[in-house]
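Single-structure report; data block below.
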Amino acid sequence: MVRPDFQTPPGTRDITEPDAGRVRRLVEVFADEAVTAGFGQIVTPMFEDVGVFVRLGEASDVVSKELYSFKDKGGREIALRPEFTASVCRAFAQHRPLTPWKTWYVGSGFRYDKPQKGRYRQFEQVGAEVVGSHDPDIDTELIALAWRFFRRIGLADFTLVVNSLGDAGDRPRYQAALTEYLEANRSRLSEQAQKTMVVNPLRVLDSKRAGDAAVAAEAPVMSDHLSPEATAAFDRVLAGLDTLGIDYRVEPRLVRGLDYYTRTTFEFVSHSLDAAQNALGGGGRYDGLVEALGGPPEPGVGFALGVDRTLLACDEEGVFTPADDTVAVWVVCTTDDLAGLEAVEELRSSGISAGRAYDGRSMKAQMKAANRSGAEIAVIIGSQEVEAGTVAVRTLRDGDRSGDQQQQVDRRDLVKKVRSLLP
RNA sequence: GUGGCCGUAGCUCAGUUGGUUAGAGCGCCAGGUUGUGAUCCUGGAUGUCGGGGGUUCGAGUCCCCUCGGUCACCCCA
């Protein structure tokens, strides 16, 4: 093998057709749903001052060990974005748009993780955020947006799980109760969980070890420690989901990875992915985050969906299958002049997708390429055609050529003829 | 960061207890028709067997290191 000097770094990959086109189409569907819901797009830098992300909570792994950070040539401490919410909040604080500010995005995030199925160091997300309103109906509308998106691409085998983490004031009281419980059951917890307990007790609820899960199952639940306001907001969200006919499961042990969440949190969990990474996406409220980034004390809520995982789930469910982007016409030219170049460009200029072969290959080879390209029509130009001022237009059906038709047409009628043969 | 499994042609893989010039299918290219795509037939190209070191008369096969992939934990999209 001619060994290449370089390959993609760990956890990254080249996305080629037909997958690349599939990603593009997926984003188009999401963009359409977001715009329909009145969201405007935002494009933020892929890297930010590292402080933007550190404010997400130093206790989280995303910040403490997964940040792609470096110092640039100006001595600035920079980090590749591990998610989008922090950038959106930073942008809000920087530009102070009118509220409620509704914005959607698409792009790559970066985390220095150990790669595995459905988890890459560079991953694609789409998402939407609303800054500047406490109204729980917005939480519901965001969930509905994601729900419509999943439904529209054909996904069915997933569950929406929701929870409320309460307000800033509720968290410490619950955390205290939880810590007390975990301390009392310390001996039943895994070594890892005992460490996690100290850093962030909530996350112990999330452990996948069977022993830990058993402890978590009997732990005190957040809903018993919510303020009346937080309870009312959560009830409103659930009522909204009921009204819209969106199925959900309240999961008191749903804690999300970032520390900034308050009140509503939610996650879309796939059942068709047998991999460990089965969360298609999630989100929630982050009522203190904008302020933590030096902005006004505006609340926020949003979600992000993993494009890669969503497509993995689509694979499993056999939906949103890749489409071949084939050209409509294939120009076969066996003369040495520029007739083939001219014809193919004329077709393209007329809005007809067209391909051709290069390197002066034989007619047989070019017809083979035409067949393989998936084109519906071959335009054949040989010395006879050039002399007569015509081109041969031939229909192509995959495989068998018996039913195909070929006719000579005036060169000047090329576009007209081809157009009449295409659907 | 921790652990299991894996790494042979473009792709999917086979390579017996270490033993002569490393194979198959698919794909690709050419010819079978000096103007024509399926199928069929014939022929052809491509591998420092992931990399380095070691054991041995001899290593794709054994050992060590390393890089990469994969799956799981941790964590998360």
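Here is the naming used below: chain letters follow the sequence lines, and residue numbers restart at 1 for every chain.
- Look at A14(B): it lacks any Watson-Crick or wobble partner with both distances under 3.5 angstrom.
- Geometrically, R13(A) engages Y120(A) in a cation-pi contact, judged by NZ or CZ lying under 6.0 Å from the ring centre and within 45° of the ring axis.
- For the P atoms, the distance linking G60(B) with U55(B) amounts to 16 Å, nearest Å.
- Across all strands shown, G109(A) has no heavy atoms under 4.0 Å from either base or sugar-phosphate atoms.
- Looking at K364(A), its side chain comes within 3.5 Å of the base of G32(B) through a donor and an acceptor atom.
- With C1' as the reference atom, G1(B) and A45(B) are 46 Å apart, rounded to whole Å.
- The backbone N or O of A375(A) sits less than 3.5 Å from a side-chain atom of S373(A), completing a donor-acceptor pair.
- In this structure, the nucleotide among G69(B), A77(B), U2(B) sitting nearest to the side chain of D113(A) is A77(B).
- An OP1 or OP2 oxygen of U70(B) is reached within less than 4.0 angstrom by no side-chain nitrogen or oxygen of Q116(A).
- Searching all strands for a Watson-Crick or G-U wobble partner of C40(B) with both distances below 3.5 Å returns G32(B).
- Put simply, CG on D336(A) is 18 Å from P on U34(B), counting in whole angstrom units.
- In this structure, C76(B) forms no base pair with any nucleotide, since neither Watson-Crick nor G-U wobble geometry is met with both distances under 3.5 Å.
- Between the C1' atoms of C73(B) and G15(B), the separation comes to 35 Å (whole Å).
- Here the separation of G4(B) from C76(B), taken at their P atoms, is 25 Å to the nearest Å.
- Contacts of A370(A) with the nucleic acid, taken as non-hydrogen atoms under 4.0 Å apart, are absent.
- Between the CD atom in E385(A) and the CG atom in D410(A) there is a gap of 12.0 Å [rounded to 0.5 Å].
- Shown here, G19(B) forms a base pair with C57(B); the pair counts as Watson-Crick or G-U wobble because both key distances fall under 3.5 Å.
- Annotation: C67(B) and C57(B) have their C1' atoms spaced 31 Å apart (nearest Å).
- Separating the CD1 atom in I153(A) from the CD atom in E317(A) is a distance of 9.0 Å, to the nearest 0.5 Å.
- For G3(B), the paired nucleotide is C71(B), the pair qualifying as Watson-Crick or G-U wobble because both relevant distances are below 3.5 Å.
- Pair assignment for C49(B) gives none, since no Watson-Crick or G-U wobble pairing has each distance under 3.5 Å.
- A donor-acceptor contact under 3.5 Å is not formed by the side chain of R372(A) with the base of G37(B).
- Side-chain N/O atoms of Q406(A) and base N/O atoms of U36(B) include a donor-acceptor pair closer than 3.5 Å.
- Side-chain atoms of R309(A) and base atoms of C76(B) include a donor and an acceptor less than 3.5 Å apart.
- Side-chain atoms of R111(A) and base atoms of C75(B) include no donor and acceptor less than 3.5 Å apart.
- Not a single donor-acceptor pair under 3.5 Å links the side chain of E267(A) to the backbone N or O of V269(A).
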